[in-house]
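Below is one structure, written out as structure tokens, with a few remarks after it.
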Amino acid sequence: MKHPPEKSLSWGQTLVLGATALPMVGFGGLGAWGTYSNITSVFHRSATALGVVAAGEGATLVLALTLVGLTMLGQSSPTAVRLGLWTLPAVASATGAAVAPTGTESVVFAFTPMAMCVAAEGMGLLARRIVVYRTGVDAEAQRRNAAVVQKLAYHRARAANHPEEDARRDSELKSWKLAKKVGTGDALLGAHLVDVQRERMTAGADAALAGMFALPVTAPVARVTAAPESPAVEAVGEGGVTGVTPAVTEEDTQVTAEFETVPAVTVTPVTPPVTPPVTLEEIAAVAGVPTPQPGEPLTDEQLVVVLRHLRYSDDPPLSYRQAVTGFREGGFVGGEQRVRKAWGSLMSHEESDA
């Protein structure tokens, strides 16, 4: 899959993001200081308070830095890191609630460590969004989608091939539930889907406009003029010229004294002459332009020459799309607008000739 080009943060964006990250770090530190003060007021020992802070807020800070580092490297975070960001502050909260001397202080002691948890989650989310903005790759969304697709593939195979009917029915239901989660939260997937639909809409609009503005094509009318001094009469049927019958003279109708002589009539098949196809060089010479060469820039007159050659290279004449396909396959160079304009000029000449 092709990713979008990497973007860079402007100075304004850098300042705003830095100003956003500072309160997260500050309030996380205040939560750690509050836990230290609470434990010190109960046990009156700094070492015990520091141990509680290190086990709760300190370990949470380590996991938060790990999360930010992995995110900045474009990698997804392990499940243990995400669970630890909530488990460790919860343990610190339970410890504070257990050692508090009163019920009111128990609520305060339990609520204080959550500041570090929120700060860690906020820093991780901010780092992830920065990476997604700059690289267009959301490693966390890709990890989730990969896990969903893997489970979906397993349940589809199980629903189709498992020997037990109950197992097949269970996997069929789980497959439909997992299908709702495919692509959830993947901004890159959504952007690609929008690009695909945009290309389809562009192709549809182009086909509609081409059908509206294409000029009608009138086939040239062939005229056959017989020479007045021709000694034969052409017999023309539905399939064209079928033969020539020689003219009957007076000598052929003379009757002798013994018998009447009737000359035999011989029908000689006529083979229409084969006209060799007109080459591109001949059309260019008639138009008075250099012979168009593949891979070289063409003038408007040369474009008309190439399209005329391609259009009448087959019977019936090629349509616009067929001619453009042959134009590209032949290696000729020309923009879509110039080719369409040259085609319109060619059709105008056909109309005037007709």
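Worth knowing before you read on, the calculation uses all heavy atoms, side chains too, and leaves out hydrogens, waters and symmetry mates. The model shown is predicted, which means the values in this text are computed figures rather than measured ones.
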Kindly indicate, with the supporting measurements, whether the criterion side-chain contact (heavy atoms from CB on, under 4.5 Å) is fulfilled by Arg311 and Gln322. CA-CA 8 Å; Arg311 174 167 170 76; Gln322 293 172 332; over 6 Å; no

When clusters are formed by joining ILVMFWY residues with side-chain heavy atoms under 4.5 Å apart, either directly or through shared neighbours, do [X] and [Y] land in the same one?
X      : Y      : result
Val62  : Val91  : no
Leu70  : Leu63  : no
Trp343 : Val333 : no
Leu318 : Tyr320 : no

Less than 4.5 Å apart, side chain to side chain, heavy atoms only: is that true for [X] and [Y]?
X      : Y      : value
Arg308 : His349 : yes
Arg45  : Thr40  : no
Val81  : Pro78  : yes
Arg168 : Ser171 : no
His309 : Val305 : no
Thr279 : Glu282 : yes

Tell me the closest heavy-atom pair linking [X] and [Y], and the distance in Å.
X      : Y      : answer
Leu88  : Ala59  : CD1-CB, 3.2 Å
Ala49  : Ile39  : CA-CG2, 3.5 Å
Leu310 : Ala323 : CD1-O, 3.5 Å
Phe109 : Pro101 : CE2-CD, 4.4 Å
Val42  : Val99  : CG1-O, 3.5 Å
Arg328 : Gly335 : NH2-C, 4.1 Å

Enumerate, atom names and distances included, each donor-acceptor pair closer than 3.5 Å involving a side-chain atom of residues 287-298, sequence neighbours excluded.
none

Applying side chain to side chain donor-acceptor pair (under 3.5 Å), name anything that partners [X], two or more places apart in sequence or on another chain.
X      : answer
Asn161 : none
Trp33  : none
Arg169 : Glu165, Asp166

If you apply the rule side-chain contact (heavy atoms from CB on, under 4.5 Å), what do you find for Glu301 with Val306, and how did you get there? CA-CA 9 Å; Glu301 292 79 8; Val306 175; over 6 Å; no

Ignoring hydrogens and angles, state whether a donor on the side chain of Tyr36 or Ser46 is under 3.5 Å from an acceptor on the partner side chain.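 Tyr36 vs Ser46: donor-acceptor pair found between side chains.
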
For residues 321-340, which residue pairs pass the ring-ring contact (aromatic ring centres under 6.0 Å, His included) check, not counting sequence neighbours?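 Only Phe327-Phe332 qualify under ring-ring contact (aromatic ring centres under 6.0 Å, His included).
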
Let me confirm one number: the NZ-CG distance from Lys177 to Leu152, rounded to the nearest 0.5 Å.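 CG of Leu152 is found 14.0 Å from NZ of Lys177.
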
Qualifying residues under side chain to side chain contact (heavy atoms under 4.5 Å, CB included), relative to Gln337, sequence neighbours excluded: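 Testing Gln337 for side chain to side chain contact (heavy atoms under 4.5 Å, CB included), a comparison that skips the adjacent residues, returns none.
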
Does this structure show an ion pair linking Arg158 with Glu172, if we count only N-O contacts that are shorter than 4.0 Å?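 Glu172 and Arg158: not salt-bridged.
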
